[in-house]
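Note sheet for the following structure.
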Number of protein chains: 2
Amino acid sequence: MVNYNKIPQATAKRLPLYYRFLNNLHIQGKDRVSSKELSNAMKVDSATIRRDFSYFGALGKKGYGYNVDYLLGFFRKTLDQDENTPVVLIGVGNLGTAFLNYNFTKNNNTKIEKAFDADPSKVGKKIGNIQVYHVDELEEQIGDIHVAILTVPVAEAQPMADRLIESGVKGILNFTPARITVPNDVRVHHIDLAVELQSLVYFMKHYPLEEIE
Amino acid sequence: MVNYNKIPQATAKRLPLYYRFLNNLHIQGKDRVSSKELSNAMKVDSATIRRDFSYFGALGKKGYGYNVDYLLGFFRKTLDQDENTPVVLIGVGNLGTAFLNYNFTKNNNTKIEKAFDADPSKVGKKIGNIQVYHVDELEEQIGDIHVAILTVPVAEAQPMADRLIESGVKGILNFTPARITVPNDVRVHHIDLAVELQSLVYFMKHYPLEEIE
DNA sequence: GTGAATTAGTGAATTATTTCACGACTTTTC
DNA sequence: GAAAAGTCGTGAAATAATTCACTAATTCAC
Ligand SMILES: NC(=O)c1ccc[n+]([C@@H]2O[C@H](COP(=O)([O-])OP(=O)(O)OC[C@H]3O[C@@H](n4cnc5c(N)ncnc54)[C@H](O)[C@@H]3O)[C@@H](O)[C@H]2O)c1
Ligand SMILES: NC(=O)c1ccc[n+]([C@@H]2O[C@H](COP(=O)([O-])OP(=O)(O)OC[C@H]3O[C@@H](n4cnc5c(N)ncnc54)[C@H](O)[C@@H]3O)[C@@H](O)[C@H]2O)c1
């Protein structure tokens, strides 16, 4: 069996990308693919792809490549694509609204179920078919949801994270620039868009002509 | 002098984070800080911080720490914070609109100067004080701007990237799920939000109780 | 059916990054 | 002004990730 503890984090981060790409191939009706083709399409070295897959066993066939449907089915199980993961979104501002209007469920096992905001003028609306509640109702509405997207103003990030964790949240996708502090059974991924933009500019200036990432 | 070619990419990616954080300390009027304090606040190991800084020379003082203003001034120069980098945004949809409404210039040397969309109903407006042009005017309007944020539908990503590169763009922050192909003097950073969300869920399930990233 | 071409899987080498741990120096305390 | 405490900078070790390069298996072309 697959030993998940042995799967490198770098590999784990690429899995959703592989999954989505295989799903597209499947939709296109392609039934076979090689690590070289995958490499060209996803800009990941072909040896890295083969190595990544190999952590899950021998999924391909020498001289042939990988069977798209088989591989897809395998990853579906591995990534638990069958069961949907419900998510809440906190902070229906510029960024929050964009996310509510986007259908993550397409190609993805996550779904934003409920949104919360402190601004009464946003409460009660439906955006992208998702109901917006007042943040005061968080505790009664969150139910069994353990994943949150955090798009509140930076000053609210830590208090809101504390409150989410109090309500049973175990994973936070944090778009605020604040580096929030959490107990170590809670996972936080930071996506810092301003940093990403600045980072791109820095790399453009100082690492010309090289292949990076 | 600093040899930029010797600076690890992992370090380079953290620099904008350091910069922003130091800027906040400066605004708060703090004049000294240790790698330990920085570590707590930014969730980066203190040895990693000291190592990162050390690529730029001996910026601190033993037994004391770092002088906030000195360090900030140093990074300002290093990250070229003095000169503003102009940016264009292509695709004024959900995500694009959110970015136009956000002031990246705060704490940051980048500024979205112009936006482009193919939808005539969006053209001519100002969003977040940024003028929206028709994408047909791209070539005449882009001038000396070499950085683009790409928030168009996935099918438009590659053709639009080609067109941007044709117009002199050297760096693209790509929010579409497409892994675009570019000449190797052009840098692309992909931010794949659906993948990030799925990745968070995967890590929650399979890497419980560990400190990651 | 046969030889050429293709391609997965992987041991080993390489490269990149993080972390430990300690000497050197500075500041603080009394 | 001496001792204690704090903290940087860094060599070396540890860990993580990527890439090379080869073998073995399979497919493909004819
Ligand atoms: N918009 C961007 O492009 C962008 C870019 C980089 C970073 N960010 C970060 O993302 C976060 C959100 O940005 P935004 O532009 O969407 O901001 P925004 O001000 O448009 O939205 C914030 C929303 O949070 C709500 N809110 C405030 N306090 C709340 C609370 N306690 N509980 C629930 N909701 C609350 C506000 O009513 C508002 O609707 C900010 O931290 C910002 O720094 C945004
Ligand atoms: N909104 C999200 O939360 C989200 C999340 C993950 C990924 N994405 C990706 O980001 C991209 C944008 O998402 P969105 O929700 O903002 O989409 P959207 O449909 O709201 O916006 C796309 C915009 O691009 C414009 N456009 C179309 N063709 C164009 C062209 N050739 N030139 C210029 N403009 C053009 C459209 O008129 C529209 O305004 C998509 O690729 C999407 O997959 C979005």
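Note on naming: letters A, B, ... go to the chains in the order of the sequence lines (proteins, then strands), and numbering restarts at 1 for each one. Hydrogens, waters and symmetry mates are skipped; everything else that's a heavy atom, side chains included, is used.
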OP1 or OP2 of D/dT7 under 4.0 Å from side-chain N/O of B/S35: no

Distance below 4.0 Å between B/R50 side-chain N/O and C/dC22 OP1 or OP2: no

A/D69 and A/H26: side chain donor to acceptor below 3.5 Å: yes

Between D/dG9, D/dC20, D/dA17, which nucleotide has the shortest distance from any of its atoms to the side chain of B/Y66? D/dG9

Is A/K30 paired with A/E37 through a side-chain N to carboxylate O contact shorter than 4.0 Å? yes

Of B/T11 and B/R32, whose closest DNA chain C nucleotide lies nearer the 5' terminus? B/T11

Length of the line joining A/Y18:OH and C/dA8:C1', which is rounded to integer Å: 14 Å

Between C/dG9 and A/S54, is there an OP1 or OP2 to side-chain N/O distance shorter than 4.0 Å? no

It should be established whether B/Y55 places a side-chain nitrogen or oxygen under 4.0 Å from OP1 or OP2 of nucleotide C/dT17. no

Among C/dT26, D/dT26, C/dT19, which nucleotide has an atom closest to any side-chain atom of B/R51? C/dT19

Whole-Å gap separating P (D/dT19) and CG (A/D52): 11 Å

Hey, what bend do you get for the helix from C/dG1-D/dC30 to C/dC30-D/dG1 if you fit axes on five pairs at each end, rounded to 10°? 30°

Run the ring-centre check on B/F53 versus B/F75 and record whether the distance is less than 6.0 Å. yes

Whole-Å distance separating the CZ atom of A/R14 from the P atom of D/dA16: 15 Å

Can you tell me how far C1' of C/dG9 sits from CZ of A/F53, to the nearest Å? 13 Å

Anything under 30° is parallel, anything over 60° is perpendicular, the rest tilted; go ahead and classify A/F99 against A/F104. perpendicular

Could you pull out all residues at least two apart from A/R163 that satisfy salt bridge (charged side-chain N to carboxylate O under 4.0 Å, His left out)? A/E139

Send over the distance from A/F56 CZ to C/dA8 P, rounded to a whole Å. 17 Å

Distance-only side-chain donor-acceptor flag, A/D162 / A/Q158, under 3.5 Å: yes

Give a yes/no on whether any side-chain N or O of B/K61 is located under 4.0 angstrom from OP1 or OP2 of C/dT27. yes

Taking atom P of D/dA16 as reference, at what distance in whole Å does atom NZ of A/K13 sit? 13 Å

Side chain of A/K62 - closest among C/dC25, C/dT18, C/dT7: C/dT7

Regarding A/K114 and the six-membered ring of A/Y133, is the cationic atom NZ or CZ under 6.0 Å from the ring centre and inside 45° of its axis? yes

So, A/Y102 versus B/N94: side-chain donor-acceptor pair below 3.5 Å or not? no

Quick check: on DNA chain D, is the nucleotide nearest A/I7 upstream (toward 5') of the one nearest A/Y64, or the reverse? Name the residue that is more 5'. A/I7

Any side-chain N or O of B/T48 less than 4.0 Å from the OP1 or OP2 oxygen of C/dT19? yes

Whole angstroms only, please: what is the NZ-C1' distance between A/K6 and D/dT15? 16 Å

Options C/dG9, D/dG9, D/dC20, nucleotide nearest the side-chain atoms of A/A47: D/dC20

Whole angstrom is fine here: how far is it from CG in B/L59 over to C1' in D/dG9? 11 Å

